[in-house]
Amino acid sequence: AEAELARQLKHYALLAPFRRMGSRFPKFGEFYRAGKEIAKGRGGVVDLGIIRQVLTLSMLDQHISDDQARFPTVVIGDGWGTMASLILSCTPHSKVVLVNLTSMLLVDLVYIRKSFPKVGICLARNAEEYKAALNCDEVGVVAVRADDSEIIRHGAIGTAINIASMQEMDPPVIASYFEAFRSSPNTKTLFYCCNRIEKQLPDGTEIRFEEYPWEQADNVLVDEDCPWLRYYLRFRPPFKGNYDGPAWHRLAELNKYIGVS
């Protein structure tokens with residue numbers, strides 16, 4: 001018990017700068033409490049991974065109207081289902097679409113179940129199943145394997161979220177997601193993207209944030225180096241460690257194409 005208390009106190013102390021970052025967001029306290037409940041359901045404490053997602057959602061909340069939040073939120077590459085769990089907790093009227101590699105998608109769903117044992121989950125494998133899941137009131141989470149990701153263009157997307165996984169994708173895959181967002185059959189889609197400014201893949205391909213298929217007609221709402229992704233934490237001195245490269249985050253209202261129903 002003493003060791004567990006010491007671990008919790010260390011986490012709490014190390015995360016103090018992140019809680020200060022959150023103080024400028026009106027709903028940070030509410031979302032932070034939701035993060036604590038999610039961590040508790042998983043048998044842990046609020047760690048760096050969770051508080052970063054809390055900060056992200058707190059920032060997004062300032063730009064997403066209640067009407068917009070009624071459209072599905074698409075989360076690509078969620079880590080341990082944390083962002084999806086926060087959305088389910090803090091904006092329960094929003095349906096969540098999870099897109100991930102098959103093995104990680106299973107992990108996401110297992111951890112979502114820990115926090116929301118009664119939430120309806122549906123795996124959609126094609127456009128027909130996807131549209132049916134979106135129209136089913138009993139389904140709160142729609143799971144989509146990355147290999148089937150093109151099907152998300154067949155349903156409305158209120159907000160799309162990608163954190164630290166587009167930097168692992170080849171440019172054609174990145175482009176396919178942008179096209180799906182722009183082609184979704186609703187008039188307004190926000191995209192929050194937080195990834196390394198540049199990264200070299202194992203095959204030598206250079207991935208650059210600014211070379212993603214952004215358009216001049218996109219309405220950029222947030223555009224800066226991500227304050228909560230500047231370093232990671234250690235329990236021993238030095239307590240901060242630097243990543244291989246800086247991360248940038250951008251929230252944009254995307255220029256939309258004609259929707260595909």
Side-chain angles (χ1 to χ4, degrees), residues 15 17-19 21-22 24-25 27-28 31-32 35 46-64 68-69 73-87 90-91 96-101 104 108 146 149 152 157-171 173-178 180-182 189-201 206-215 218-233 240-254:
L15 294 179
F18 296 88
R19 291 194 298 277
M21 290 180 200
R24 64 189 174 106
F25 300 124
K27 289 192 178 179
F28 174 78
F31 294 171
Y32 182 77
V46 174
D47 57 16
L48 183 58
I50 290 178
I51 201 168
R52 281 175 171 163
Q53 304 284 42
V54 169
L55 284 162
T56 298
L57 193 60
S58 301
M59 182 274 292
L60 292 177
D61 177 74
Q62 294 189 295
H63 299 278
I64 302 173
Q68 186 72 7
T73 301
V74 175
V75 184
I76 298 157
D78 199 0
W80 308 98
T82 302
M83 178 58 77
S85 296
L86 283 169
I87 293 169
C90 300
T91 56
V96 180
V97 176
L98 274 179
V99 184
N100 214 336
L101 300 172
M104 287 308 302
D108 289 339
S149 61
I152 66 173
I157 299 173
T159 303
I161 299 172
N162 179 267
I163 300 173
S165 65
M166 278 193 165
Q167 65 195 34
E168 311 294 338
M169 301 176 187
D170 290 323
V173 177
I174 296 172
S176 71
Y177 279 111
F178 271 80
F181 303 155
R182 297 186 192 280
T189 293
L190 298 173
F191 178 37
Y192 174 75
C193 185
C194 179
N195 282 274
R196 288 259 297 272
I197 290 176
E198 58 181 22
K199 183 175 181 179
Q200 186 177 70
L201 300 183
E206 296 282 351
I207 305 298
R208 296 183 177 87
F209 189 96
E210 281 300 328
E211 293 177 2
Y212 293 178
W214 307 103
E215 296 184 0
D218 295 337
N219 178 24
V220 177
L221 305 171
V222 175
D223 199 30
E224 62 181 2
D225 68 309
C226 183
W228 44 89
L229 259 174
R230 291 174 179 162
Y231 57 86
Y232 60 90
L233 299 174
K240 295 179 181 179
N242 294 321
Y243 291 110
D244 291 336
W248 197 265
H249 70 172
R250 177 176 295 174
L251 174 64
E253 180 183 338
L254 297 179

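FYI, the numbering just counts along the sequence from 1.
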Do [X] and [Y] have side-chain heavy atoms sitting under 4.5 Å apart?
{"X": "L229", "Y": "Y243", "answer": "yes"}
{"X": "Y212", "Y": "I207", "answer": "yes"}
{"X": "W228", "Y": "M59", "answer": "yes"}
{"X": "W80", "Y": "S85", "answer": "no"}

Side chain to side chain contact (heavy atoms under 4.5 Å, CB included) with I161: which of L251, I87, I76, L190?
->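 Among L251, I87, I76, L190, the one that satisfies the side chain to side chain contact (heavy atoms under 4.5 Å, CB included) with I161 is I87.
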Name all residues meeting the side chain to side chain contact (heavy atoms under 4.5 Å, CB included) criterion together with E224; count only those two or more places apart in sequence or in a different chain, and write none if there are none.
->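 E224 satisfies side chain to side chain contact (heavy atoms under 4.5 Å, CB included) with R24, V222, P227, H249 only.
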Using ring-ring contact (aromatic ring centres under 6.0 Å, His included) as the criterion, point out the one residue from F25, Y32, Y231 that pairs with F18.
->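 Looking at F25, Y32, Y231, the match for F18 under the ring-ring contact (aromatic ring centres under 6.0 Å, His included) is Y231.
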Distance, nearest 0.5 Å, that separates CH2 of W214 from SG of C193 |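 W214 atom CH2 to C193 atom SG measures 4.5 Å (nearest 0.5 Å).
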At what distance, to the nearest 0.5 angstrom, does NE2 of H63 lie from OG1 of T159?
->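 Interatomic distance, H63 NE2 to T159 OG1, rounded to 0.5 Å: 11.0 Å.
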Under a 3.5 Å distance rule, please check whether [X] uses its side chain to pair with a backbone N or O of [Y] as donor and acceptor.
{"X": "T189", "Y": "I157", "result": "yes"}
{"X": "D218", "Y": "A252", "result": "no"}
{"X": "D78", "Y": "N100", "result": "no"}

Who pairs with [X] by salt bridge (charged side-chain N to carboxylate O under 4.0 Å, His left out), at least two apart in sequence or on another chain?
{"X": "K240", "result": "none"}
{"X": "R19", "result": "none"}
{"X": "E215", "result": "R182"}
{"X": "R196", "result": "none"}

Any pair with a residue in residues 51-64 that passes salt bridge (charged side-chain N to carboxylate O under 4.0 Å, His left out), sequence neighbours left out, goes on the list, sorted by first then second residue, please.
->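 Checked against salt bridge (charged side-chain N to carboxylate O under 4.0 Å, His left out) - neighbours excluded - the pairs reaching residues 51-64 are K27-D61.
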